[in-house]
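All ligand and atom numbering here is 1-based and tracks the order in the structure. Throughout, numbering of the chain's residues begins at 1 and tracks the sequence. All heavy atoms count here, side chains included; hydrogens, waters and symmetry mates do not.
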Amino acid sequence: MGSTPFLSKEQAFTVRETCGTPVYVYDEGTLEASAAAVLAFPNAFGLTARFAMKALPTAAILRLFDRMGLHMDAGSGYEAERAMRAGIVPDHIQITSQDLPWNLKELVEKGCLFNACSLRQLETYGQLFPETETCVRINPGLGSGHSNRTNVGGPSSSFGIWHQYVSQVLEVARRYGLRVTGMHTHIGSGTDPEVWLHCAQLALDIAARLPEVTRLSLGGGFKPARMEYEDHADLEAIGNRLIPEFKAFAASQGRELRLEIEPGAYLTANAGVMLCSVTDVVDTGDEGFDFIKTDAGMNDIMRPALYGAQHPITLFPASSRDSEHADYLVVGHCCESGDILSPEPGNPEGLKTRTLTRAEAGDILVIGGAGAYCASMAAKNYNSFPESPEVLLTKDGALNLIRRRQSMEHMLENEVLN
Ligand SMILES: *Cc1c(COP(=O)(O)O)cnc(C)c1O
């Protein structure tokens with residue numbers, strides 16, 4: 001499954017007329033379908049599915065997923081606060097943060113769940129809330145991710161408590177009367193059901209040594225195919241592969257573990273596109289390249305510059321040129337040579353041309369796969385470009401503005417002139 005833009009050419013021009021460019025467009029139908037697929041993840045003894053909100057934390061999106069029945073994974077105390085302001089009930093928010101929230105006491109008193117990501121975090125939680133339940137994040141020792149920059153497990157990753165320190169977890173828990181009822185791993189296992197199986201087996205082996213654990217989260221990292229040629233995680237196949245392991249655990253340990261998963265990218269990546277306009281077409285001579293310059297860049301979409309990530313790019317010409325094609329490098333508008341939307345796959349320092357309809361200034365470019373880690377992760381306000389607006393295309397075809405374009409006043413609001 002690739003991600004053909006859900007927007008027609010006509011709709012794209014309408015969006016530009018009403019909202020200007022650059023603008024993110026999210027598709028309600030696709031968001032609902034991906035949420036339904038996640039909630040149908042096969043499981044042995046029940047499922048809680050959370051949305052890893054760092055992928056797309058806009059309030060309207062959180063509410064849509066909340067209505068569908070997803071809970072939230074907050075990657076910081078600020079995200080937990082943001083989810084609550086969007087109207088998510090606190091006990092549907094679990095905090096998994098590298099950085100212990102400064103207001104952890106208040107967040108937990110309000111009802112947010114806490115996932116201790118280090119022994120020190122567990123200790124602090126124990127001091128604040130002795131004799132309560134909690135969850136611990138374990139690094140099961142298995143690495144994954146498509147590059148060192150996306151690795152979230154194994155010896156080169158700092159996320160979670162190293163799996164050999166389970167006895168220290170139990171010792172801290174004993175000291176504060178904590179019941180460790182949740183265990184969490186997130187190593188970003190990708191698309192292969194066998195890798196997920198291996199990860200689940202490692203996690204279950206560790207859960208066997210934490211006698212009070214009744215819920216096990218396998219995290220997120222169900223990789224969606226942004227490009228046609230990429231593999232797309234098959235949730236049904238992965239879930240079905242794991243069921244026998246949970247049943248075997250129940251038989252040997254006498255505990256039926258509730259499964260938790262917390263996808264981010266899977267839920268939103270292909271439900272979003274960024275529309276931008278071609279502002280210029282230049283070249284560097286016979287030995288060089290043809291470049292398309294756009295009015296968006298790393299201040300909107302950072303992933304290509306950061307990881308060499310690939311996003312599908314479609315050009316909608318403003319006049320009829322559909323049969324003419326050329327090879328282009330697509331570049332962003334920031335004064336930074338690394339601001340490129342067509343890097344070499346997996347190599348942000350390399351370049352790779354895309355074959356597109358022959359471009360002219362005034363055309364529209366649709367950058368696909370832009371629903372996750374784009375609006376939320378951009379190099380905001382670099383070159384003083386404002387944050388781009390976000391629009392939700394509803395199932396009945398309406399375009400609902402869910403975030404306005406940032407104003408200059410807002411950008412400068414916190415500056416102090418004495
Ligand atoms: C980012 C993150 C996720 C989601 O990862 P995806 O690859 O977007 O599915 C889930 N859990 C935790 C703890 C995370 O940090």
Query raised in the report: Are S277 and R16 linked by a side-chain donor-acceptor pair shorter than 3.5 Å?
Result: yes
Report summary line: the protein heavy atom lying closest to atom 4 (C) of ligand 1 turns out to be A52 CB, 3.3 Å
Query raised in the report: Is E131 paired with R179 through a side-chain N to carboxylate O contact shorter than 4.0 Å?
Result: no
Report task. Go through the side-chain N and O atoms of T181 and E133 and say whether any donor and acceptor fall under 3.5 Å apart. Result -> yes
Query raised in the report: Which bit of Y266 is near ligand 1, meaning a heavy atom under 4.0 Å away: side chain, backbone, both or neither?
Result: neither
Query raised in the report: Under 4.0 Å from any heavy atom of R137, which atoms of ligand 1 are there?
Result: 13 (C)
Report task. State whether the shortest distance between N or O atoms of A265 and N or O atoms of ligand 1 falls below 3.5 angstrom. Result -> yes
Requested in this report: Enumerate the atoms of ligand 1 whose separation from the nearest heavy atom of P263 is less than 4.0 angstrom.
Outcome: 9 (O)
Query raised in the report: Quick one: nearest non-hydrogen protein atom to atom 9 (O) of ligand 1, plus distance?
Result: G221 N, 2.7 Å
Report task. Check ligand 1 against T96 and write out every atom of the ligand that is under 4.0 Å from a heavy-atom position of the residue. Result -> 13 (C)
Requested in this report: Given side-chain contact (heavy atoms from CB on, under 4.5 Å), test K9 with Q11 step by step and report yes or no.
Outcome: CA-CA 5 Å; K9 182 175 169 183; Q11 280 173 314; over 6 Å; no
Report task. Please say whether Y373 places an N or O atom under 3.5 Å from an N or O atom belonging to ligand 1. Result -> yes
Report summary line: Under 4.0 Å between heavy atoms, the region of K223 that gets near ligand 1 turns out to be neither
**Report entry** Residues R404, E390: salt bridge by 4.0 Å N-O rule
**Finding:** no
Query raised in the report: Say you draw a straight line from CD of E79 to SG of C112; how long is it, rounded to the nearest 0.5 Å?
Result: 12.0 Å
Under 3.5 Å, which donor-acceptor pairs do the side chains of residues 365-385 form with other protein atoms, sequence neighbours left out?
from	atom 1	to	atom 2	distance (Å)
S376	OG	K54	O	2.7
S376	OG	A55	O	3.2
K380	NZ	A375	O	3.1
N381	ND2	F385	O	3.0
N381	ND2	Q406	OE1	2.7
Y382	OH	C335	O	3.3
N383	OD1	C335	N	3.0

Requested in this report: Assess the side chains of H311 and R303: does a donor N or O sit below 3.5 Å from an acceptor N or O?
Outcome: yes
**Report entry** Minimum non-hydrogen distance to atom 14 (C) of ligand 1, winning option of E262, K54, R50
**Finding:** K54
Query - Per-atom contacts of ligand 1 with G264, taking only distances under 4.0 Å to non-hydrogen atoms - result: 4 (C), 6 (P), 8 (O), 9 (O)
